[in-house]
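Presented below is the structure to which this report refers.
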Amino acid sequence: TGVWSEMLVDRKFYYPVAASAPTPPPVMGNAAGNPRFRRTPTRWWAPVGDDVVTMDTKAPYTGDQTPRVKLHAKESQGFKQSGIAVRKGKAYTGRIVLAGPPGAVVKVTLIWGKESGDRQTVTISTLGAAYHKFLLRYTAAADTDDATLEITGTGSGSFHVGTVSLMPADSIEGFRPEVIAALKQLRFGVLRFPGGNFVSSYEWRYGVGEIDKRPPIFDPVWHAVQPNDVGTDEFLTLCRLLGVDPYITVNAG
């Protein structure tokens, strides 16, 4: 919904996988009386199957928890996220980080319609005990604002999903090309990061290092999950793309 091209909400699983909308932490401070800050997520990860997803809090891939999916020999089980906007003929790329037993088969499917052919699936059958990153690529065959990304598996034991990402294939180093074009037209000279009162609680160490390992946090200022995908390096990339000078604000609190 901003300058970054990520299409999935809560891609690092700050909230547990659940059938109903998650309950965010309470609004704190001066914002508690302002209705615009009391936001409930409108998209989330929902289970596929009954009682098949638990959250691993002992050895999470990143953050505080990682979903663990119990496998069935014949029935595909896992979780999904709906409400994704895709356009006919447009390509989408992504990645998923998985760990699981040998012999397990995981399918990552983009679904844009109700018919059996209204989907594309990436099948992964080379899982191991250690987390490994697998690439995803799809081309939508219809327009919809309610596509679904479904992650399911079959086999024995269980598999873990460390994180998952989906972006339009035409993104520019992770940024939305149409937003980059619009920002260039403004012809400003300096861009600040972090901006506004968000900096008052910003932890810069969460915004550096390997992007998929950065922990998701809850931003008390805007009452929303912050995946820390856009950190210091990404900010400098944005400044380079726009041809502007970076202005880095330090949290001195």
Side-chain angles (χ1 to χ4, degrees), residues 6-25 40-84 92 94-112 114 116 118-138 146-166 210-218 225 227:
E6 181 60 55
M7 299 167 64
L8 300 175
V9 173
D10 194 18
R11 75 178 192 91
K12 298 177 181 175
F13 309 106
Y14 174 86
Y15 292 114
V17 176
S20 57
T23 301
T40 299
T42 57
R43 290 167 53 197
W44 62 91
W45 295 106
V48 176
D50 297 326
D51 300 321
V52 298
V53 183
T54 56
M55 303 305 291
D56 182 357
T57 58
K58 293 183 179 180
Y61 179 77
T62 187
D64 295 329
Q65 58 187 4
T66 292
R68 175 177 51 219
V69 180
K70 183 179 180 181
L71 290 166
H72 189 278
K74 296 182 179 180
E75 297 180 6
S76 295
Q77 303 185 132
F79 52 90
K80 62 183 180 180
Q81 183 174 131
S82 300
I84 303 169
Y92 301 91
R95 62 192 180 277
I96 187 169
V97 178
L98 297 169
V105 176
V106 173
K107 294 184 177 182
V108 188
T109 304
L110 182 64
I111 306 167
W112 53 79
K114 296 181 179 180
S116 59
D118 295 338
R119 61 185 62 203
Q120 281 187 353
T121 299
V122 175
T123 301
I124 302 166
S125 57
T126 55
L127 273 64
Y131 281 103
H132 186 75
K133 186 180 298 183
F134 300 91
L135 300 181
L136 309 172
R137 186 174 181 88
Y138 309 95
D146 194 25
T148 297
L149 189 75
E150 185 177 84
I151 304 165
T152 58
T154 55
S156 60
S158 61
F159 72 93
H160 288 66
V161 182
T163 185
V164 60
S165 175
L166 186 69
E210 211 280 317
I211 191 169
D212 286 334
K213 292 290 288 185
R214 300 175 193 171
I217 61 171
F218 194 82
V225 173

Which of these passes side chain to side chain contact (heavy atoms under 4.5 Å, CB included) with Val108: Val161, Leu149, Thr123?
Leu149
How about CG on Asp56, more than 12 heavy atoms from neighbouring residues, nucleotides or ligands closer than 6.0 Å, or not?
yes
Sequence neighbours excluded, which residues qualify as side-chain contact (heavy atoms from CB on, under 4.5 Å) partners of Arg43?
Val9, Gln81, Ile84
Donor-acceptor contacts under 3.5 Å from residues 152-159 side chains, at least two apart:
none

Can you pull the salt bridge (charged side-chain N to carboxylate O under 4.0 Å, His left out) pairs that have at least one residue in residues 95-109, sequence neighbours excluded?
Arg95-Asp212
So Trp45 and Phe13, would you call those rings parallel, tilted or perpendicular, with 30° and 60° as cut-offs?
tilted
Working to the nearest 0.5 Å, report the span between CH2 of Trp112 and CG of Asp118.
7.0 Å
Distance, nearest 0.5 Å, that separates CG of Leu110 from CZ of Arg137:
12.5 Å
Kindly indicate whether the side chain of Tyr61, heavy atoms from C-beta on, has any atom under 4.5 Å from the side chain of His160.
no
Let me confirm one number: the CG-NE2 distance from Leu127 to His132, rounded to the nearest 0.5 Å.
9.5 Å
If I take atom CG from residue Asp50 and atom NZ from residue Lys70, how far apart are they, to the nearest 0.5 angstrom?
11.5 Å
So do Tyr15 and Phe218 actually touch side chain to side chain, heavy atoms under 4.5 Å?
yes
Compare all side-chain heavy atoms of Glu6 with those of Ser165 and state whether any distance is below 4.5 angstrom.
yes
Straight-line distance of Ile96 CD1 to Leu98 CG, nearest 0.5 Å:
4.0 Å
First locate atom CD of Gln120, then atom CD1 of Ile111, and finally report the distance between them rounded to the nearest 0.5 Å.
11.5 Å
